[in-house]
Amino acid sequence: MPEVSIAAEPRTEFGKGAARRTRRAGRVPAIIYGHGTDTRHITLPGHELMMALKTANVLIRLDGLPGGNQLALPKAVQRDPIKGSVQHVDLIMVRRGEKVTVEVPVHVSGEVFAGGLLDQQLVQVAVEAEATNIPQRFDVDVDGMEIGASVHAGDLSLPAGVTLAVDPDTMVLHVLAAPAAEAAEEVPPSPEAGAPAAEAEASAES
């Protein structure tokens, strides 16, 4: 996974008022921690951060920190519930070659067999990988999968050096029978459909 360089600045003001001023200036409050160090409070440029976070498990190189640049992974992202803008980010320090456990998105493509219904149990799968070699996503093609077919964590194609952090038998997705066909059989006839028969009976009685 490529690194994204973002300029970081130390944060010296705290509290809600300071955070609002930081956001109005186009920056986002953040903290960085890990490796037994004290938590550091920083700010990051809002636009660059938002673009970087579009990539799952993006590896960020924080430039301009006292003591030199630092690699980090997003651990928690707080967003505005209405605007969707990034409000705060927790970052965890990583080193090259260090193993980390992360959640990797599962991307599904294709259409299952007619009459089937795709039931996706997991949208992310936990794996252990080097911080600089985290897969961006797992692609699963379900095109033509028939009822009863399934994909488990152990069926995913893992890049070299990446291992599952969940049981290989963990269900990722499977194909169920669509309920529409069964429901159609149980639908009672419409009043219009029964009208001709009722009229015929009335005519016979008269």
Side-chain angles (χ1 to χ4, degrees), residues 1-6 8 28 30-40 42 44 48-63 65 68-79 84 86-113 116-176:
M1 177 180 292
E3 298 173 16
V4 176
S5 298
I6 297 181
V28 176
I31 60 171
I32 179 171
Y33 61 93
H35 295 159
T37 63
D38 293 334
T39 298
R40 285 186 282 178
I42 59 176
L44 302 170
E48 286 87 339
L49 178 61
M50 182 181 66
M51 297 301 293
L53 292 175
K54 289 184 177 182
T55 300
N57 299 310
V58 62
L59 186 63
I60 298 175
R61 190 183 73 198
L62 300 171
D63 296 333
L65 290 175
N69 301 336
Q70 174 64 57
L71 291 178
L73 286 171
K75 196 65 176 176
V77 180
Q78 298 176 20
R79 296 181 182 272
V86 181
Q87 299 290 290
H88 190 277
V89 179
D90 292 0
L91 301 164
I92 186 168
M93 297 168 58
V94 295
R95 299 189 182 99
R96 297 185 190 280
E98 177 184 3
K99 290 275 190 177
V100 293
T101 300
V102 294
E103 299 276 347
V104 176
V106 176
H107 178 259
V108 177
S109 61
E111 296 289 338
V112 299
F113 191 75
L117 177 67
L118 181 65
D119 179 22
Q120 187 170 351
Q121 300 280 314
L122 296 178
V123 296
Q124 294 180 316
V125 173
V127 300
E128 186 179 62
E130 290 187 4
T132 55
N133 190 39
I134 299 173
Q136 293 189 23
R137 69 185 192 185
F138 294 125
D139 291 306
V140 178
D141 185 3
V142 300
D143 203 45
M145 285 182 67
E146 298 185 354
I147 296 170
S150 60
V151 174
H152 297 81
D155 299 323
L156 299 175
S157 179
L158 304 181
V162 179
T163 57
L164 288 174
V166 296
D167 191 307
D169 291 331
T170 302
M171 177 79 73
V172 177
L173 57 86
H174 61 153
V175 181
L176 305 173

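Just the heavy atoms: all of them, side chains too, but no hydrogens, waters or symmetry mates, feed the values below. Note that this is a predicted model, so its numbers are computed, not measured.
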Using side-chain heavy atoms (C-beta onward) and a distance below 4.5 Å, is Val102 in contact with Val127? yes
Val172 versus His152, closest heavy-atom pair with distance: CG2-C, 3.7 Å
Leu62 vs Leu44 side-chain heavy atoms within contact, under 4.5 Å: yes
My understanding is that only one of Val123, Val140, Asp139 makes a side-chain contact (heavy atoms from CB on, under 4.5 Å) with Val106; could you say which? Val140
Can you find a pair of side-chain heavy atoms, one from Val94 and one from Leu59, that are under 4.5 Å apart? yes
Tell me, yes or no, whether the heavy-atom count around Lys99 atom NZ, taken from other residues, nucleotides or ligands under 6.0 Å, exceeds 12. yes
Looking only at heavy atoms, what is the nearest atom pair of Val151 and Met145, with distance? CG2-CE, 4.1 Å
Say whether, by atom type as modelled, one donor and one acceptor occur between the side chain of Asn69 and the main chain of Ser5 under 3.5 angstrom. no
Nearest-0.5 Å distance, CG of residue Leu122 to CD of residue Gln124: 9.5 Å
Side-chain contact, heavy-atom cut-off 4.5 Å: Leu53 with Arg79? yes
Could you give the distance from CG (Asn133) to CZ (Arg96), rounded to the nearest 0.5 Å? 12.5 Å
Could you tell me whether a side-chain N or O of Asn57 sits under 3.5 Å from a main-chain N or O of Glu103, the two making a donor and an acceptor? yes
From Leu71 atom CG to Ile32 atom CD1, the distance as rounded to the nearest 0.5 Å: 9.0 Å
How about Met171: does its CE atom have over 12 heavy atoms from other parts shown lying under 6.0 Å from it? yes
Charged N to carboxylate O below 4.0 Å: is that the case for Arg40 and Asp38? no
What one should report as the nearest heavy-atom pair of Gly97 and Thr132 is N-OG1, 4.3 Å
Nearest 0.5 Å please: distance from the CE atom of Met93 over to the CG atom of Leu65. 9.0 Å
Without swapping roles, check the side chain of Asp119 against the backbone of Val175 for a donor-acceptor pair under 3.5 Å. no
Partner of Leu91 under side-chain contact (heavy atoms from CB on, under 4.5 Å), picked from Ile31, Ile60, Val77, is Ile60
For side chain to side chain contact (heavy atoms under 4.5 Å, CB included), just list the numbers for Leu73 and Ile134, CA-CA rounded to whole Å, side-chain angles, deciding distance to a tenth of an Å, and then say yes or no. CA-CA 11 Å; Leu73 286 171; Ile134 299 173; 3.8 Å; yes
Minimum heavy-atom distance between Phe138 and Pro159, given as atom pair plus value: CE2-CD, 4.4 Å
Between the CG atom in Asp90 and the NZ atom in Lys75, the distance rounded to the nearest 0.5 Å is 10.0 Å
State the NE2-CD1 distance between His174 and Ile147, to the nearest 0.5 angstrom. 12.0 Å
List the atom of Val4, the atom of Val58, and the distance in Å for their closest heavy-atom pair. CG2-CG2, 3.7 Å
Please determine whether side-chain hydrogen bond (donor to acceptor under 3.5 Å, both in side chains) holds for the pair Glu98 and His35, giving the CA-CA distance in whole Å, both sets of side-chain angles, and the decisive distance to 0.1 Å. CA-CA 11 Å; Glu98 177 184 3; His35 295 159; 3.0 Å; yes
Measure across Phe113 and Glu146 and return the closest heavy-atom pair with its distance rounded to 0.1 Å. CB-CA, 3.9 Å
